[in-house]
Amino acid sequence: MTKKLMMGVGGCLAACMATAKPTLTVPAELQAAPGIPCNVYFARALDSVKPSNYAFEAISEAGSFWEDCWTWTPTEKDAGRQVKVVFNVWDDESGLVDAVTTTVTVAKMPTEEQKAKKVSVAILGASCTNSRYQDQLRARMREAGFANYVAVGSHSGGSSSVECNPDKEAPHDGYGGFAWGDFMTRYAMTVDEINNEQAEAEREQLIHLFGAKLPKGQEWRKGLLKSPLVRIRDMKKVVDVQAWFDKVNGGKAPDYVFITLGGNGVATVRPERIEEAVAGQMASATKLLDYLRAAAPDMKIVVTSAFGGSTLQDGWGKNYGAKTSAFVGNRNRILYDREIAKLVAARNDPKLVYMTASLNVDPVGAYPHGAHANAGHALPSGGKMFGDALAAWLLCDLTDR
């Protein structure tokens, strides 16, 4: 990453916002693949109160430099190529405010042997799976010739679905409202489930501990009551990753798991509490990564940047009234992304990586506008952009030889 003021846990975010110049958060390496658009949206990359106050440059021998982004769709002739891109940000008062150089690596064309190999992929996420980025990831892998790409998960469709239709939609484990900690703690049975599954003597205690009688018309929320990683043993909640593997992948760990979390833990937190909130997310992330690695020593774990939200205030106003703002939400996301990237790097695990998929997503055009404005939930076009970034990373990894 570039030279930047790391507004990490233990620093004062409010002070940083008042005194620091904005910095770019483009990583040193980005992944691309033939036929898949690779984007860097400037408003996603600059930790400014108002990115539109600054002028951006993207200098490179490849791609195009637009008003709001640098974009490049490599062709098969670019397979295996590495391209340098210099990003500059300017203002009238200081001149050059920040600059960063990144290397964009294009995936090699897969061999027949690579395309024939079975590749199983799981997703742990939140309601942003409603944008169907998991479907785009599978579609891109199939387009690249990976006919044995297998998406594994507890359900398909949106984040509240409980029925799995793997032929139509890619299975996944995305649940509305979930953050890191929810995957280790959330478990509530409906009263009907308790009555059906438990002995009469246990029912009252289970209802007290785990029960959740859903309001009329809210039955669709049933799928959000339980983490797929939590089980009940001896009247206690326990994290059982192997039981998840048993359910979704025949007892075997998936080859890859993509984890897109964090947004629900920080998006609406006010500046005076953001350090505490991010620290909580880091503590929960550490525990969940420990559980996953203990259960699957060889599984590749890919932690992504938070999906991010719209940079337009209308969506935030529609969803949250006058309680928070697009500025706060997006600054919180950047702070979270920086800390989770540092956490991943500090673990020194060669099969654990961090990647910035959110840079690929248009923070304006990929979100609903007008009467249907939304702060955090992208349109299907945004899901495709996020899925494209995951696919490019995976193709680079699978064809690295």
Side-chain angles (χ1 to χ4, degrees), residues 118-127 129 134 138 149-166 169-199 202-203 205-212 214 221-261 264 283-303 347 349 351-352:
K118 180 180 177 180
V119 180
S120 55
V121 177
I123 285 175
L124 296 179
S127 59
T129 50
Q134 62 278 0
R138 182 172 69 174
Y149 175 92
V150 179
V152 301
S154 302
H155 63 86
S156 58
S159 67
S160 306
S161 299
V162 294
E163 299 298 328
C164 190
N165 184 0
E169 299 162 328
H172 63 93
D173 278 287
Y175 301 88
F178 269 43
W180 285 93
D182 294 295
F183 275 99
M184 298 176 287
T185 59
R186 192 174 296 196
Y187 194 100
M189 292 184 180
T190 66
V191 173
D192 287 342
E193 285 178 302
I194 292 171
N195 288 340
N196 291 336
E197 297 180 7
Q198 302 296 325
E202 297 178 317
R203 288 175 186 165
Q205 185 176 6
L206 283 168
I207 289 172
H208 176 70
L209 291 173
F210 311 116
L214 295 170
R221 295 182 62 85
K222 178 180 176 181
L224 307 183
L225 298 174
K226 298 178 184 176
S227 163
L229 309 184
V230 176
R231 298 291 184 272
I232 303 301
R233 289 184 189 156
D234 299 324
M235 306 298 286
K236 294 181 180 179
K237 292 187 285 187
V238 297
V239 177
D240 189 342
V241 177
Q242 183 57 51
W244 178 49
F245 296 160
D246 293 343
K247 177 180 179 181
V248 302
N249 201 39
K252 296 181 180 179
D255 298 307
Y256 296 86
V257 58
F258 286 94
I259 304 176
T260 301
L261 294 168
N264 286 321
S284 294
T286 297
K287 290 180 182 178
L288 183 54
L289 291 173
D290 285 344
Y291 279 120
L292 292 170
R293 181 54 74 225
D298 295 323
M299 178 174 66
K300 215 148 203 184
I301 303 172
V302 185
V303 178
R347 291 178 72 92
D349 179 345
K351 293 184 180 293
L352 171 67

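Nearest heavy atoms, Pro228 versus Ser154: CB-OG, 3.7 Å. Between Leu229 and Phe183 the shortest heavy-atom distance is CB-O, 3.5 Å. Nearest heavy-atom pair across Arg293 and Leu352 is NH2-N, 4.1 Å. Across every non-hydrogen atom of Trp180 and Leu288, the tightest pair is CE3-CD2, 3.6 Å. The nearest pair of heavy atoms linking Lys118 to Asp255 is O-OD2, 3.6 Å. Across all non-hydrogen atoms, the minimal contact from Ser127 to Gly176 is CB-CA, 3.7 Å.
Put simply, the side chain of Arg233 reaches to within 4.5 Å of the side chain of Asp240, judged on heavy atoms. In this structure, Ser227 and Met184 have side chains that are not in contact, with every pair of non-hydrogen atoms separated by 4.5 Å or more. Side-chain contact between Val152 and Phe245 is absent, with no heavy-atom pair separated by less than 4.5 Å.
In this structure, Lys300 contributes its side chain and Tyr256 its backbone to no donor-acceptor pair below 3.5 Å. Using a distance-only test at 3.5 Å, with no hydrogens or angles considered, no donor-acceptor pair links the side chain of Asn264 to the main chain of Ala179. Judged purely by atom type and a 3.5 angstrom limit, Gln134 has no side-chain atom pairing as donor or acceptor with the backbone of Pro171. Side-chain atoms of Arg186 never come within 3.5 Å of backbone atoms of Gly181 as a donor-acceptor pair (strictly under, hydrogens ignored).
For the pairing with Val303, the side-chain contact (heavy atoms from CB on, under 4.5 Å) check across Val257, Leu289, Leu124 returns one residue only, Leu289.
To the nearest 0.5 angstrom, His155 atom NE2 is 6.0 Å from Thr129 atom OG1. The distance from atom CD1 of Ile123 to atom CZ of Arg138, rounded to the nearest 0.5 Å, is 10.5 Å.
Between Asp298 and Lys252 there is no salt bridge, since no side-chain nitrogen of the basic residue lies less than 4.0 Å from a carboxylate oxygen of the acidic one.
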